[in-house]
Amino acid sequence: MNSRIVKLIIPAKPVNKNLINISESPVPVSKGINTIYKTVDFFEQNIFLKKKIKTITKTVKDKIQLRNIINLHNNNGIKDILQIKKMVHHIALEKNILSPTGMPNIKLVKTKSRERVLFDGHHSMLAYMISGKKYLHEIPHLIVEDEKDKFVSDKDILVFFGEHAKEIKNSEWRDYVINWQALYNKQLCKREQENMGELLDSL
């Protein structure tokens, strides 16, 4: 049975040494766990919350710039600037932005061409960027990839567009973003900001 790998990555101290605490957990792909979202849910409920995690500390060699990460919202899909300001204050107190369960808000996938796509946690990542973080390893995050291929397919990424996925051909998802705050027939939008750097600049 094919599996996806969920990598949980937390910055380790001292932060100036580019160290991360990383765990890698396989999640089987089945009828009940067939999307990226369901993979993350399974990981949270059956691995993370049950503390079935083995963590190792590594030195980061491949530094991924936050500005280059692909966003799935234009600036009009960022609903709460006040929330970002509160997060910036939280980070200034040297606290991480986490979900109520303690898992990172920031969740990504890796594509075949080694792009990182942010599918959850846009507000959180913007807050870290405003706070001066420049690289992905400097912030807590999850990344999901196929166990065999080490990336996810274009078809897998379409799930992030919900019911609008049927309007997009697999490889054309890069041309679109989603705005869940808009009326249904206006939720699927042409991409305006190409990455998180452009999104931050536009705000």
Side-chain angles (χ1 to χ4, degrees), residues 6-11 15 35-41 43-45 48-49 64-111 115-144 156-165 167-168 173-203:
V6 178
K7 296 181 180 180
L8 173 63
I9 300 170
I10 307 291
V15 292
T35 69
I36 302 294
Y37 286 130
K38 291 180 179 179
T39 295
V40 172
D41 287 344
F43 170 81
E44 182 171 22
Q45 297 299 321
F48 180 79
L49 290 177
I64 307 299
Q65 289 195 29
L66 295 175
R67 291 187 63 88
N68 292 338
I69 290 171
I70 297 176
N71 51 304
L72 288 182
H73 301 312
N74 285 332
N75 55 15
N76 61 0
I78 302 302
K79 63 181 180 180
D80 196 342
I81 300 299
L82 180 59
Q83 180 190 32
I84 295 175
K85 291 180 179 179
K86 290 179 178 178
M87 288 178 174
V88 171
H89 177 70
H90 195 75
I91 295 166
L93 297 175
E94 298 186 353
K95 298 178 181 180
N96 285 321
I97 306 298
L98 304 171
S99 73
T101 64
M103 205 165 77
N105 281 347
I106 294 170
K107 304 176 184 73
L108 309 99
V109 292
K110 185 166 68 174
T111 70
E115 303 154 307
R116 270 65 173 184
V117 181
L118 179 65
F119 68 89
D120 195 12
H122 284 67
H123 290 73
S124 300
M125 185 170 287
L126 287 167
Y128 277 112
M129 294 171 74
I130 291 168
S131 300
K133 302 300 184 185
K134 295 182 178 180
Y135 298 103
L136 186 57
H137 70 272
E138 296 177 320
I139 63 178
H141 64 280
L142 289 180
I143 189 160
V144 182
D156 285 329
I157 291 173
L158 291 183
V159 72
F160 304 142
F161 296 89
E163 293 183 6
H164 303 286
E167 303 173 46
I168 309 171
W173 63 264
R174 292 172 179 80
D175 297 331
Y176 296 92
V177 296
I178 196 77
N179 181 359
W180 299 119
Q181 324 316 316
L183 296 174
Y184 180 83
N185 62 352
K186 295 184 177 180
Q187 288 177 347
L188 186 65
C189 311
K190 284 288 188 178
R191 175 176 294 278
E192 295 178 9
Q193 287 83 44
E194 296 293 327
N195 52 45
M196 289 301 295
E198 290 187 12
L199 182 60
L200 177 62
D201 293 343
S202 73
L203 295 172

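Computed from a predicted structure; not experimentally measured.
Annotation: side chain of D156 is not in contact with side chain of V109 (no heavy-atom distance under 4.5 Å). I78 places a side-chain heavy atom less than 4.5 Å from the side chain of L199. You'll find the side chain of I10 reaches within 4.5 Å of the side chain of P104, heavy atoms only. Looking at heavy atoms from C-beta onward, V6 lies out of side-chain contact with F48 at the 4.5 angstrom threshold. Counting only heavy atoms from C-beta outward, the side chains of L66 and M196 never approach each other to under 4.5 Å.
Atom CD1 in I81 sits 5.0 Å away from atom CG in L203 (nearest 0.5 Å). Separating the OG atom in S131 from the NE2 atom in H90 is a distance of 11.0 Å, to the nearest 0.5 Å. To the nearest 0.5 angstrom, T39 atom OG1 is 11.5 Å from L142 atom CG. Atoms CD and OG1, on Q45 and T101 in that order, are 8.0 Å from each other to the nearest 0.5 Å. Between the CG atom in L118 and the CE atom in M125 there is a gap of 4.5 Å [rounded to 0.5 Å]. From I69, atom CD1 reaches atom NE2 of H141 across 7.5 Å, with rounding to the nearest 0.5 Å.
H137 places no side-chain N or O within 3.5 Å of a backbone atom of Y135 that could act as its donor or acceptor partner. The backbone N or O of E192 sits less than 3.5 Å from a side-chain atom of N74, completing a donor-acceptor pair. Side chain of H122 to backbone of L72: a donor-acceptor contact under 3.5 angstrom is found. Using a distance-only test at 3.5 Å, with no hydrogens or angles considered, no donor-acceptor pair links the side chain of Y128 to the main chain of E138. A donor-acceptor distance shorter than 3.5 angstrom exists from the side chain of H73 to the backbone of I178, with no hydrogens or angles considered. Between the side chain of N195 and the backbone N or O of I70 there is no donor-acceptor pair closer than 3.5 Å. With hydrogens and angles ignored, the 3.5 Å screen pairs a side-chain donor or acceptor of E198 with a backbone N or O of E194.
Applying the side chain to side chain donor-acceptor pair (under 3.5 Å) rule to K134 yields no partners; only residues at least two apart in sequence or on another chain are considered. Residues that satisfy the ring pair (Phe, Tyr, Trp, His ring centres under 6.0 Å) test with F119, not counting sequence neighbours, are Y37, F160.
Side-chain atoms of R191 and N71 form a donor-acceptor pair, as typed in the model, at a separation below 3.5 Å. In this model, no donor atom of one side chain and acceptor atom of the other lie less than 3.5 Å apart for Y176 and E167.
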Walk me through it: do F161 and Q187 pass the test side-chain contact (heavy atoms from CB on, under 4.5 Å)?
CA-CA 9 Å; F161 296 89; Q187 288 177 347; over 6 Å; no
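The only member of V177, D201, N75 that meets side-chain contact (heavy atoms from CB on, under 4.5 Å) when paired with Q193 is N75.
When all heavy atoms of S124 and N105 are compared, the pair lying nearest together is OG-ND2, 3.3 Å.
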